[in-house]
Each structure stands twice: as structure tokens, then as C-alpha cells.
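Remarks on the structure that follows.
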Amino acid sequence: GFALRTDDFDHTSPVGSVAAGASGLFDLGGNVWEWCEDYYNGFNGARVLRGASWNNNDPDNLVSSNRTNNTPDKRNINIGFRCVLAGASARRCWR
């Protein structure tokens, strides 16, 4: 990301610009905070955000286990989402 100068992009980087991590996912840490379905407190209200964003300046936060929260009605240039393919359809797409 931008704040740590880990790439040459001013904001988000194009998908696949960085090698996949151990889990096989690309761009999870440091592009944008990613919305998760999970509630932050376990039952209602704010949702979990993971991964940090391009303007985060703490390298320890650029991991998928890093989390914060926000309510779903909030919008920010640092927050996005990921479409995930699961099951047989995902295996066909990545061959």
C-alpha cells in the first residue's frame, strides 16, 4: 500500500499485482478493508472488517487476521468487499 510504500500504486492496486499468500488468496492485506458477514460483537450491529487498507501505516495490520468494525450503513474509500467462489464452480475457474 501507499502508506508503507510496499508498491507503486497511490491507492488500491490492481487485482493480482501481488503474489498470493499461503491460503492462495490475492490482495487480502492492504488493498481495502474487506467487509465480512460476521458481527463484530457476535450478534448484531457492527460488522467485521479485515485486512487493513492502502492507507494503513502499520505493517502488523496488513494481515487477514487483523480486524476492526463498522456499521453496514457507513461508506469509505478504504472499505470494499470480495466476491468468493466456493465449491466445484471455484475449482473450475482457477484451473
Side-chain angles (χ1 to χ4, degrees):
F2 175 76
L4 293 173
R5 290 291 171 212
T6 57
D7 61 36
D8 294 329
F9 302 102
D10 289 337
H11 296 96
T12 59
S13 60
V15 172
S17 298
V18 179
S23 63
L25 297 174
F26 289 87
D27 311 311
L28 192 55
N31 221 6
V32 293
W33 285 100
E34 296 194 20
W35 285 109
C36 296
E37 184 178 5
D38 305 335
Y39 288 110
Y40 191 75
N41 64 4
F43 57 92
N44 65 20
R47 300 284 185 147
V48 172
L49 294 167
R50 290 199 179 268
S53 78
W54 55 269
N55 73 343
N56 191 285
N57 59 7
D58 183 351
D60 292 335
N61 291 338
L62 300 178
V63 295
S64 60
S65 59
N66 183 36
R67 60 183 226 148
T68 190
N69 70 88
N70 213 332
T71 55
D73 61 331
K74 302 295 185 215
R75 303 293 181 258
N76 189 302
I77 62 171
N78 302 322
I79 299 174
F81 63 93
R82 173 180 299 260
C83 295
V84 177
L85 299 176
S89 62
R91 286 191 294 276
R92 284 193 302 269
C93 290
W94 295 107
R95 285 188 181 163

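Everything quoted here is computed from the prediction, not taken from an experiment. Heads up: numbering here begins at 1 and tracks the sequence.
Considering every non-hydrogen atom in both N70 and I79, the closest pair reads ND2-CD1, 3.7 Å. Between T71 and D73, the shortest heavy-atom contact is OG1-OD1, 2.5 Å. Scanning both residues, G45 and P72, for their nearest heavy atoms gives O-CD, 4.0 Å.
Scored by the side chain to side chain donor-acceptor pair (under 3.5 Å) test, N78 finds W54, N76 as partners (sequence neighbours excluded).
Distance check: R50 CZ to R67 CZ gives 6.0 Å after rounding to the nearest 0.5 Å. In this structure, CG on N55 lies 3.5 Å from OG on S53, to the nearest 0.5 angstrom.
Taking the side chain as every heavy atom from C-beta outward, R47 and Y40 never approach each other to under 4.5 Å. At a threshold of 4.5 Å between non-hydrogen side-chain atoms, the residues N66 and W33 count as touching. With contacts defined as side-chain heavy-atom distances shorter than 4.5 Å, the pair Y39/V48 does not qualify.
Residues F81 and V32 are members of separate hydrophobic clusters, defined by side-chain heavy-atom contacts under 4.5 angstrom among Ile, Leu, Val, Met, Phe, Trp and Tyr.
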